[in-house]
Amino acid sequence: GSAISAIIITNPKTFYFSTQFKYVLLLGSVLLALSSYVKLEYPLSIWYPWLNAIVCGMQNALTGLYSNNGLRSTHHTGTATDIGILVGHILRGDNTDAWKLALLVPLMMSYFCGGMIGYVAVDRLGDYACLVNLISFCGITLSFLYYISVFRYLDCCHVLKASAMATAQTRNMTTGSGSSVSVSGDI
C-alpha cells in the first residue's frame, strides 16, 4: 500500500495538500468498498485483511509524505515511541521538538477513540462493522475533494501565514501601535 501511494504522489511537499492525494484517497475508498464486500459475502476469505492492510499502508504513506515522515496514522506503537522520546528530551531539558506533542498526543487519543468505536461497532454490527470504516474513509475522501476544489492552491503554510498577518493587523488596529509583524519565508 505504501508503494502505491509513493507511485501516485510525485514530488510531495511537506505540509502541502497535493491534489494527487485525491487519487490515493479514491483508490483507498474503492479498495475498502471491495474489502467490505469480501467480508460480507466471503467472511473466511484471506482477501479481507489483505485489502485492509493495503489501504492502511496507503494511508500511512500519505500522511508520511504529507508530514515528511513526522506522522504515522495507522498504528499507535510508533506514536507512543515518539511521545516517549519527546518526553525524555523534555525531561533532559531539550524542548526543541516539544511542539510535536501537540500533534502526537491528540493522534494517540484518536487511536484510543477509534479502537473503542471499532469495538462497539463489531459488538453491535458484527461483520457489518466494516461499513463504519468504509463510511468514515469515504467521508474523509469527500471532505478532501471539497477542500481542494475550494482551496486548490492553498497549503497549510499559507493559511498559517495569513492567520499570523491578520492577527498582527488586528493587534495594530486595537493598540494603535506602529509596529508590524512580518511573516515571510517557509514555515
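Judged as a side-chain hydrogen bond (donor to acceptor under 3.5 Å, both in side chains), the pairs with a partner in residues 31-46 (not counting sequence neighbours) are, in order, Ser35-Asn52. Among pairs with a residue in residues 84-96, those fulfilling salt bridge (Lys or Arg N to Asp or Glu O under 4.0 Å) read Arg92-Asp94, at least two apart in sequence or across chains. Each salt bridge (Lys or Arg N to Asp or Glu O under 4.0 Å) pair with one or both residues in residues 102-123, not counting sequence neighbours, would appear here, but there are none. Listed by first and then second residue, the salt bridge (Lys or Arg N to Asp or Glu O under 4.0 Å) pairs involving residues 110-121 amount to none (not counting sequence neighbours).
Under the rule for a side chain to side chain contact (heavy atoms under 4.5 Å, CB included), Ile140 has no partner lying at least two apart in sequence or in another chain. Contacts of Arg124 classified as salt bridge (charged side-chain N to carboxylate O under 4.0 Å, His left out), with partners at least two apart in sequence or in another chain: none. Checked against side chain to side chain donor-acceptor pair (under 3.5 Å), Ser29 has the following partners two or more places apart in sequence or in another chain: Thr141. Applying the side chain to side chain donor-acceptor pair (under 3.5 Å) criterion to Asp127, with sequence neighbours excluded, gives no partner residue. Applying the side chain to side chain contact (heavy atoms under 4.5 Å, CB included) rule to Met108 yields the partners His76, Thr79, Ala80, Ile83, Tyr111; only residues at least two apart in sequence or on another chain are considered. Applying the side chain to side chain contact (heavy atoms under 4.5 Å, CB included) test to Ala3 and every residue at least two apart in sequence or in another chain returns nothing. With sequence neighbours excluded, the residues that form a side chain to side chain contact (heavy atoms under 4.5 Å, CB included) with Ala129 are Ala121, Val122, Leu125.
Val120 belongs to a hydrophobic cluster whose remaining members, ordered by chain and number, are Tyr119; membership requires side-chain heavy atoms of ILVMFWY residues under 4.5 Å apart, directly or through intermediates.
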